[in-house]
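Just below is one structure, and these are the notes that go with it.
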Amino acid sequence: MSTLLQMSVTMAVHRKGATRTITTGAVAHTQILDAAENLFYLQGARNVGIDAVVKRAGVNKMSLYRQFESKEDLLQHYLVRTDQKFWAYFDASIDKHPGDPRHQLCQLFVDLAQRTSAASYRGCPFVNVAVEYPDRSHVARSMVADNKARLLQRLIKLAKAAGARDASSLAKSLALLIEGAYAASQTYSPDSSVMTALPRAAELLIDAALVGRTRMRRRPR
């Protein structure tokens, strides 16, 4: 099959003087997933029905079910995309300070404070899904737990590289600080400046855990 045939395109079909748009393949997949991502994040994955998704995506139900077996399948794709975006944020922070794990850890919280202070921020999508699906055996909860477990492992690795006396303890403390930031972003009023304290709170935890090295007090910019 040629590359052209593999690509998804939107075709205008002329029939009886009318023009209708047919969206096929990956284009429909992307439109549906984009719509689901927006609606699930802002309104709640459990609250949003298939009708709302297809309306936002501009497709019909048949198109949706060609791409996704069920709403649960769509939810899983949403969480996979969300996981990819999360690690893109994480790696972008790390990449700002190559070879400097202390500043890498600090930078995570500088950037997190900025993201969680945005007017459009609606909290951590994984936390939101965990609240909506209380059954821990649900596949969505397993995906949430997997994301959080991998985050903890990355924090432990960075803490070890930074020279923490107890890397596991520091990583767990920072993980709890992250979760607290997610919650505070939604519970404090939009004009509150509480999120500005996040980088300094993280720095205090990090420096208290480090041993055998000079602690630079300047926070990353």
Side-chain angles (χ1 to χ4, degrees), residues 33-49 52-53 55-57 75 78-79 81-97 100-134 140-141 143-145 147-148 150-152 154-155 158-159 162 170-210 215-221:
L33 191 53
D34 286 347
E37 179 179 16
N38 180 268
L39 291 170
F40 288 178
Y41 184 64
L42 294 179
Q43 299 180 25
R46 198 152 207 169
N47 292 331
V48 173
V53 174
K55 182 178 180 180
R56 175 66 64 88
L75 174 61
Y78 161 69
L79 289 172
R81 177 189 275 193
T82 300
D83 184 73
Q84 292 169 344
K85 288 187 174 183
F86 172 81
W87 290 113
Y89 286 134
F90 188 98
D91 290 335
S93 295
I94 298 303
D95 290 345
K96 291 177 182 178
H97 301 282
D100 188 342
R102 178 194 175 276
H103 272 151
Q104 288 174 333
L105 283 170
C106 290
Q107 188 68 49
L108 289 172
F109 291 87
V110 172
D111 294 340
L112 179 60
Q114 293 175 349
R115 288 200 306 276
T116 54
S117 297
S120 60
Y121 191 71
R122 184 64 181 81
C124 170
F126 291 104
V127 173
N128 296 346
V129 166
V131 171
E132 290 186 87
Y133 293 85
R141 290 296 300 269
M143 296 176 76
V144 170
N147 173 271
K148 300 300 182 181
R150 284 183 287 126
L151 171 59
L152 183 59
R154 288 290 298 272
L155 292 174
L158 285 169
L170 173 59
K172 290 173 183 177
S173 298
L174 295 176
L176 287 173
L177 186 60
I178 290 170
E179 297 301 313
Y182 291 150
S185 72
Q186 301 305 296
T187 55
Y188 281 85
S189 64
D191 59 350
S192 172
S193 61
V194 68
M195 300 310 296
T196 62
L198 182 60
R200 180 57 179 160
E203 187 179 38
L204 290 171
L205 284 172
I206 293 165
D207 282 346
L210 299 187
R215 297 168 184 160
M216 296 179 289
R217 294 295 180 180
R218 179 178 61 83
R219 290 193 293 275
R221 297 181 182 277

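In this chain, numbering begins with 1 at the start of the sequence shown.
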Should [X] and [Y] count as side-chain neighbours, where that means a heavy-atom distance under 4.5 Å?
X    : Y    : result
F90  : L151 : yes
L158 : I94  : yes
R200 : L204 : yes

So, taking the atom named [atom1] in [X] and the one named [atom2] in [Y], what distance separates them when rounded to the nearest 0.5 Å?
X    : Y    : atom1 : atom2 : answer
R150 : D83  : CZ    : CG    : 4.0 Å
S93  : L108 : OG    : CG    : 5.0 Å
Y89  : L112 : OH    : CG    : 11.0 Å
D111 : C106 : CG    : SG    : 11.5 Å
Y78  : L39  : OH    : CG    : 10.0 Å
I206 : H103 : CD1   : NE2   : 9.5 Å

Indicate yes or no: does [X] engage [Y] in a salt bridge with an N to O separation below 4.0 Å.
X    : Y    : result
R141 : E132 : no
E37  : R56  : no
R81  : D34  : yes

Original post:
If only atom types and distance count, is the side chain of S192 paired as donor or acceptor with the main-chain N or O of Y188 below 3.5 Å?
Top reply: no

Subject >> S117 side chain vs Q114 backbone, donor-acceptor pair below 3.5 Å >> reply: no

Quick one: closest heavy-atom pair of [X] and [Y], and the distance?
X    : Y    : value
L75  : F40  : CA-CE1, 4.1 Å
L170 : A159 : CD2-CB, 3.8 Å
L210 : A162 : CD2-O, 3.5 Å
A130 : V144 : CB-CG1, 4.3 Å
A181 : L198 : CB-CD2, 3.8 Å

In a table with atom names and distances, give each donor-acceptor pair under 3.5 Å that connects a side chain of residues 121-128 to protein atoms at least two apart or in another chain.
unit_1	atom_1	unit_2	atom_2	d
Y121	OH	C124	N	3.4
N128	ND2	R122	O	3.3
N128	ND2	C124	O	3.4

**OP:** Check the pair E203, R102 against side chain to side chain contact (heavy atoms under 4.5 Å, CB included), reporting the backbone distance first and the verdict last.
**Re:** CA-CA 9 Å; E203 187 179 38; R102 178 194 175 276; 3.0 Å; yes

**OP:** Could you walk me through whether L155 and L105 pass the side chain to side chain contact (heavy atoms under 4.5 Å, CB included) test, one step at a time?
**Re:** CA-CA 8 Å; L155 292 174; L105 283 170; 4.0 Å; yes

**OP:** Using only heavy-atom distances, determine whether the side chains of Q104 and H97 contain a donor-acceptor pair under 3.5 Å.
**Re:** no

Original post:
According to the salt bridge (charged side-chain N to carboxylate O under 4.0 Å, His left out) rule, which pairs have a member within residues 177-187, sequence neighbours left out?
Top reply: K148-E179

**OP:** Sort and list the pairs that fulfil salt bridge (charged side-chain N to carboxylate O under 4.0 Å, His left out) and have at least one residue in residues 183-196, not counting sequence neighbours.
**Re:** none

